[in-house]
Amino acid sequence: MNPRYPDRVRIAHLPTPIEPLTRLTKYLGGPQLFMKRDDQTGLAGGGNKTRKLEFLIADALAQGCDHVITTGAPQSNHCRQTAAAAAHFGLGCSLVLRGREPAAVTGNILLDRLLGAHLYWCGDQTCSAATADVAAELKAMGRKPYIIPLGGSNVVGATSYVLAMEELMTQLAAEQLNIDFIVFASSSGGTQAGLVLGARAYGFRGQLLGISVDHDAQSLQTQVAALATATATHLGMGTLSVADQVAVNDDYLGGGYAVLGETEIEAIRLMAQFEGILLDPVYTGRAMGGLIDLIRWGAFSRGHKVLFWHTGGMPALFAYADKLAN
Ligand SMILES: *Cc1c(COP(=O)(O)O)cnc(C)c1O
């Protein structure tokens, strides 16, 4: 059954372009590489969370909420885009960030502040406990908070990537382009759940591969499959399981979440210097590093067409200046 989409607000610049990565393809000796530019969604630096926020903010407004609360790592791109979306609609915004406040105000943290968000540092508390505290305080002050989960990865947020798959299929048809593989960074799972469901709904024939940024393959696969099934129900598509289409590679976890290693540094430099495109240190640097490694291992043939879905994150580069500068 076709998805029935709930209302959304319009904040993303869509459709995002698809571009061939000609020089990088030549350097690597194939496969033919393309990029879907969701780093160019337009909202205060852009990224994949902008699409999710179109549905999440619409839901918050429909419920009459006047404040959004979300959570993430200190350099969370999701938190920065949430702060921007909240500002755009005149909503208050509280960001509950993991750990303690770093000494340097840089990257996404700087942007969060410029965008007028209230920042809370979890310290030794779990972020879910801190989020509940912030929500209770706001309610006591007579506000109506709307809580967005980590990465915006619930059925409301994942819906946007079902729709993004329709957008991609329309572009591929218009350009008569057949993509064999779609590769992207996967973390809280909303992007992958939406894409997998969209692939099913719109008849995408190729394969999708999520490069895990922080979870072992088994747990991310389980999480994505469950979210995809719940999202199908949310969109009136009936009960369907896409578990066998959720492919996750966890070979590139390196030193752990947000730890920049040689794989990420090389991918960031290659993309910058062959294509003039900036990846990010945490997600797309890792996923592209994984894709390059898979290419070198011969996972694809020369004629395959591989689309890398750029999910954004560029502002976080500045928080890693010491490791990237030389
Ligand atoms: C959040 C994020 C991802 C991961 O998306 P999920 O939907 O959480 O899996 C990938 N890349 C960037 C830049 C992100 O900010």
Side-chain angles (χ1 to χ4, degrees), residues 38 43 47-57 59-60 65 67-86 91 93-100 107-109 111-112 115 117-135 138 145-161 184-195 210-216 219-228 230-231 234 246 248 250 253 256-259 280-284 286-287 311-313 315-316:
D38 272 18
L43 180 69
N48 62 339
K49 307 310 181 305
T50 305
R51 288 187 192 266
K52 298 181 184 186
L53 286 160
E54 289 202 318
F55 287 97
L56 290 160
I57 296 287
D59 192 37
C65 295
H67 200 105
V68 293
I69 308 174
T70 198
T71 184
Q75 283 297 332
S76 167
N77 302 300
H78 164 65
C79 288
R80 180 247 313 156
Q81 287 162 89
T82 302
L91 303 169
C93 178
S94 297
L95 302 176
V96 178
L97 303 173
R98 207 141 68 205
R100 283 169 220 291
N108 283 306
I109 299 174
L111 302 185
D112 294 342
L115 293 162
H118 303 269
L119 272 52
Y120 294 84
W121 295 92
C122 297
D124 295 327
Q125 229 187 344
T126 65
C127 284
S128 53
T131 300
D133 287 354
V134 170
L138 286 163
Y146 181 88
I147 298 178
I148 298 176
L150 182 77
S153 285
N154 55 13
V155 296
V156 180
T159 292
S160 66
Y161 271 88
F184 50 90
S186 193
S187 178
S188 66
T191 302
Q192 186 163 11
L195 289 178
I211 306 283
S212 179
V213 169
D214 50 354
H215 302 292
D216 68 86
S219 52
L220 184 55
Q221 206 268 350
T222 306
Q223 195 179 316
V224 169
L227 181 54
T231 305
H234 178 67
V246 182
V248 174
D250 65 0
L253 300 177
Y257 178 78
V259 178
D280 85 283
V282 179
Y283 299 93
T284 55
R286 181 159 290 178
T311 44

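- Residues L91 and I57 meet the side-chain proximity criterion, which asks for heavy atoms closer than 4.5 Å.
- Within the model, atoms CD of Q81 and CG of N108 stand 8.0 Å from one another, a figure rounded to the nearest 0.5 Å.
- Using modelled atom types and a 3.5 Å distance limit, the side chains of Y283 and D214 yield no donor-acceptor pair.
- A distance of 8.5 Å separates CG of D216 from OG1 of T222, quoted to the nearest 0.5 Å.
- Looking only at side-chain heavy atoms (C-beta outward), I147 and T70 stay at 4.5 Å or farther from each other.
- Every residue two or more places apart in sequence or in another chain that forms a side-chain hydrogen bond (donor to acceptor under 3.5 Å, both in side chains) with N48 is listed here: T191.
- Looking at R286 and D280, no side-chain N of the basic residue comes within less than 4.0 Å of a carboxylate O on the acidic one, giving no salt bridge.
- Looking at Q192, its side chain never comes within 3.5 Å of a backbone N or O of V224 through a donor-acceptor pair.
- With rounding to the nearest 0.5 angstrom, the CG atom of L111 is 6.5 Å from the CZ atom of R80.
- Between S94 atom OG and L119 atom CG the span is 9.0 Å, to the nearest 0.5 Å.
- A donor-acceptor pair under 3.5 Å is formed between the side chain of T159 and the backbone N or O of V155.
- Screening L97, L150, V96, I109 for a side-chain contact (heavy atoms from CB on, under 4.5 Å) involving C79 leaves a single residue, L97.
- If you take CG on L195 and CZ on F184, they are separated by 5.0 Å, rounding to the nearest 0.5 Å.
- The OH atom of Y146 lies 12.0 Å from the CD1 atom of I69; values are rounded to the nearest 0.5 Å.
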May I have the step-by-step check of side-chain contact (heavy atoms from CB on, under 4.5 Å) for N154 and L56, ending in yes or no? CA-CA 9 Å; N154 55 13; L56 290 160; 3.7 Å; yes
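- Every residue two or more places apart in sequence or in another chain that forms a side chain to side chain contact (heavy atoms under 4.5 Å, CB included) with L253 is listed here: S212, D250.
- Residues forming a side chain to side chain contact (heavy atoms under 4.5 Å, CB included) with S153 (at least two apart in sequence, or on another chain): K52, S188, L227.
- For the pair R98 and Y257, the distance from NZ or CZ to the six-membered ring centre is under 6.0 Å and the angle to the ring normal is within 45 degrees.
- Contact annotation: the side chain of T311 never approaches that of N77 to less than 4.5 Å [non-hydrogen atoms, C-beta and beyond].
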